[in-house]
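Just so it is clear, the values below take in all heavy atoms, side chains as well, and ignore hydrogens, waters and symmetry mates. The structure presented is a predicted model; accordingly, all values stated were derived computationally and were not measured. When a ligand or atom number is given, it counts from 1 through the structure's own listing order.
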Amino acid sequence: MCGIIGILGKQDVAPLLLDGLKRLEYRGYDSAGVATVYQKHLGRLRAPGKLVHLEEKLAKTPLKGNVGIGHTRWATHGAPIERNAHPQMTDKVAVVHNGIIENFAELRDELIADGCVFESDTDTEVLAHLVTREIKGGLTPVEAMRVSLKRLRGAYAVALIFEGEEDLMIAARFGPPLAIGYGKGEMFVGSDAIALAPFTNRISYLEDGDWVVLTHNSATIYNSDDLVVERDISTSSGNEFLVSKSNHRHFMHKEMFEQPEVISHTLAHYLDLGNDKINENANPIDWKNVERLSFASCGTAYYSTLVARYWFEKLCGLIVENDVASEFRYREPPMTDKTLAMFVSQSGETADTLASLRYCRAKGVKTATVVNVLESTMGREADFVLPTLAGPEIGVASTKAFTCQLSALASVVLTAAKHRGTLDRAMETKLVRQLAELPRIITDVLKLDSDIEEICRDLMTVKNILYIGRGTSYPIALEGALKLKELSYIHAEGYAAGELKHGPIALIDETMPVIVVAPHDRWFDKTVSNLQEVAARGGRIILITDKEGANAAGINSLSTIVMPDVPEFIAPIVYAVPVQLIAYHTAVLLGTDVDQPRNLAKSVTVE
Ligand code: F6R
């Protein structure tokens, strides 16, 4: 959360900072700001709200200077108002920060007792004052930074520029990621390679505890013991990335419609589609020696692991545990030698998931990550990397990343089952063929776009919605509810259909729509019984099913979304799409900000 960028350039950097911030806006969009050094003096412009407000301000009052830093904020400490926007500044230094300085209250008290005057409610401002105090005490900026960093507890990626210094920037990382970009006579820092893509593709990543002193022509990296270290410079693929919605109204719409293509890329990585078998080269894991699979992830990624549990249990006979990472990391779960810990994440930076991965590594447990951003911290730290090839996902609500996670996990399940001897060749052929059909089937489902939009007109006025499902449709019900609430701000909850009568049914009346995810599978009849119970109490039902299910449901006065017939194995991947479309269209009809819903950020790097 929060995006930071810094540039030591050859021309005025403020417009370039803005360009980089546009690519980082997915990380937070409560407020934004830039600061530069021009003719030795620090200058700053900040604006609350979306980046466009900062852009307008900069157009009216351009900020000159060849060295500068920028920030787009997801508020942690202090309301999203200009005073709390970054850069935070004193007369000596300007700071941008992503993360949380946990001991900020005690540092603030100490600095106030020392005569510092605080202007914001942020934790970040303590770093500005700490460094300033040291500089005023006679230290150089580099020495001041070295001393100040030792005082911080918590998580940070920071970049600082200094009064009087037009060839200096210092950045540091503990927790949230920070990339260094190498240009010719120019240097860059950024929260990710995507932000730096317009400027350079030569990237290195700081490790935890690293800090770097940058000039236009050099980058000197120190580790947490203040020893000079080298970090590999790689060529990032970020340059291929274009921030464009094509002809779609929203990134989310574009990304939903990219699903057939990116699923097909993901499947092609894991499967030998020409020969209806798994691709052995894509399997880094010794599945025969795994007895227990332990998943920890967050949000939508967590729901992908709930689906995977059904597959791993049924096809591989594995013991599977699922946790939300924020609980897992503090529960101190016991780990056995034969546990494989698996972490699913689009960004590869989610603080709780990363902490869970590190917990397992510290316990000596092998870790695997199903990850979209391969250069991310999880991508670099896990023992085994299982990529999703969804491409950059800009819409804050995860769509194509989710179906790619499911596609990757389904493929990995087949590999695991084959290696464990629970999948014969005939079954392998059958299931690989089913997966191979996904791009075609999802293309057909996307044709329901305008029918689903019509159904959503009825949802605009409701206050609460329930989603129910059984088997692998249960996690899809959870995902549907999450997607709807985060985009439309309508309260929605997902339940296992069988749980309805244990409490939630009390909520049902004629004002409460219930969205039922129910392909005509082995759970269908049971789900229909639950659906009858809802109908008997006047609840409004939207049934997502196939032709057979629609005929068999036998209930009048319901809206039905009729899906293609699909085999049970791939059904959750296919049924993820209509729940995305429902959330999208309801939100668009209600006029919410679909790509950047309130209070959210794409990359959750604080816990
Ligand atoms: C919801 C959504 C979030 C993320 C969650 C984990 O639409 O996108 O729930 O799934 O924040 O993020 P990653 O996958 O980056 O670890």
Side-chain angles (χ1 to χ4, degrees), residues 1-3 26-28 74 175-177 191-192 194 250-253 255-256 259 295-308 322-329 342-358 367-379 381-382 385-388 390-406 408-409 467 475-476 478-489 492 494 576-577 579-584 586-587 592-607:
M1 342 201 78
C2 298
Y26 72 92
R27 300 176 75 93
W74 186 85
S191 295
D192 63 28
I194 288 174
H250 298 101
F251 279 111
M252 180 179 173
H253 198 256
E255 287 160 5
M256 287 188 297
Q259 289 179 111
F295 280 115
S297 295
C298 298
T300 290
Y302 166 65
Y303 297 147
S304 78
T305 73
L306 293 183
V307 174
N322 303 75
D323 251 302
V324 284
S326 54
E327 291 302 316
F328 179 90
R329 64 180 289 189
M342 202 178 270
F343 305 91
V344 179
S345 177
Q346 187 286 127
S347 62
E349 302 292 352
T350 301
D352 287 318
T353 312
L354 179 58
S356 303
L357 185 151
R358 287 176 174 167
T367 57
T369 183
V370 176
V371 70
N372 199 39
V373 183
L374 294 180
E375 302 103 337
S376 62
T377 312
M378 282 182 226
E381 292 193 10
V385 177
L386 303 164
T388 52
E393 193 179 59
I394 304 298
V396 162
S398 190
T399 52
K400 62 174 182 169
F402 179 58
T403 47
C404 282
Q405 284 160 356
L406 291 174
L409 285 162
Y467 283 72
I476 301 305
L478 294 173
E479 167 64 1
L482 174 68
K483 216 95 294 180
L484 188 82
K485 73 184 129 194
E486 73 177 314
L487 293 174
S488 70
Y489 317 144
V577 178
V579 301
Q580 295 168 352
L581 288 169
I582 289 173
Y584 172 78
T586 309
T592 61
D593 190 339
V594 171
D595 282 333
Q596 296 182 332
R598 69 183 181 205
N599 305 339
L600 295 175
K602 183 81 185 155
S603 184
V604 185
T605 53
V606 294
E607 60 174 298

> Under a heavy-atom criterion of less than 4.0 Å, does E349 contact ligand 1?
Replying inline: no

> Among side-chain atoms of T403 and Q259, is any donor-acceptor pair under 3.5 angstrom?
Replying inline: yes

> What protein heavy atom sits nearest atom 6 (C) of ligand 1, and how far away is it?
Replying inline: C298 O, 3.3 Å

>> Show me which atoms of ligand 1 lie under 4.0 Å from any heavy atom of K483.
In response: 1 (C), 7 (O)

> Thinking salt bridges, do E393 and K400 make one under a 4.0 Å N-O criterion?
Replying inline: no

> Quick one: does I476's side chain get under 4.5 Å of F402's, heavy atoms only?
Replying inline: yes

> Where is the nearest protein heavy atom to atom 7 (O) of ligand 1: which residue, which atom, and how far?
Replying inline: E486 OE2, 2.5 Å

> What distance separates Y467 OH from K485 NZ, expressed to the nearest 0.5 Å?
Replying inline: 10.0 Å

> Which atoms of ligand 1 have any heavy atom of G299 under 4.0 Å away?
Replying inline: 9 (O)

> So do M378 and T350 actually touch side chain to side chain, heavy atoms under 4.5 Å?
Replying inline: yes

> Which residue and non-hydrogen atom of the protein lie closest to atom 15 (O) of ligand 1, and at what distance in Å?
Replying inline: S347 OG, 2.7 Å

>> Checking the N or O distance criterion of under 3.5 Å, is ligand 1 in contact with S345?
In response: yes

> What's the shortest distance from atom 14 (O) of ligand 1 to any protein heavy atom, and which residue and atom give it?
Replying inline: Q346 N, 2.6 Å

> Which heavy atom of the protein is the closest neighbour of atom 4 (C) of ligand 1, given with residue, atom name and distance?
Replying inline: T300 N, 4.0 Å

>> Return the closest protein heavy atom for atom 11 (O) of ligand 1 as residue, atom name and distance.
In response: V604 CG2, 4.0 Å

>> Is a donor from one side chain sitting under 3.5 angstrom from an acceptor on the other, for T300 and K483?
In response: yes

> Have E349 and T377 got a donor and an acceptor in their side chains that come within less than 3.5 Å?
Replying inline: yes

>> Just so I know, are the side chains of T399 and Y584 near enough to count as touching, which here means a heavy-atom distance under 4.5 Å?
In response: no

> Of the backbone atoms (N, CA, C, O) and the side-chain heavy atoms from C-beta on, which set of V396 has a member under 4.0 Å from an atom of ligand 1: side chain, backbone, both, or neither?
Replying inline: backbone

>> Just to confirm my output: which protein heavy-atom neighbour is closest to atom 16 (O) of ligand 1, and how far is it?
In response: T350 OG1, 2.5 Å

> Which atoms of ligand 1 have any heavy atom of A301 under 4.0 Å away?
Replying inline: 10 (O), 14 (O)

> Say you draw a straight line from CG of D595 to NE2 of H250; how long is it, rounded to the nearest 0.5 Å?
Replying inline: 6.0 Å

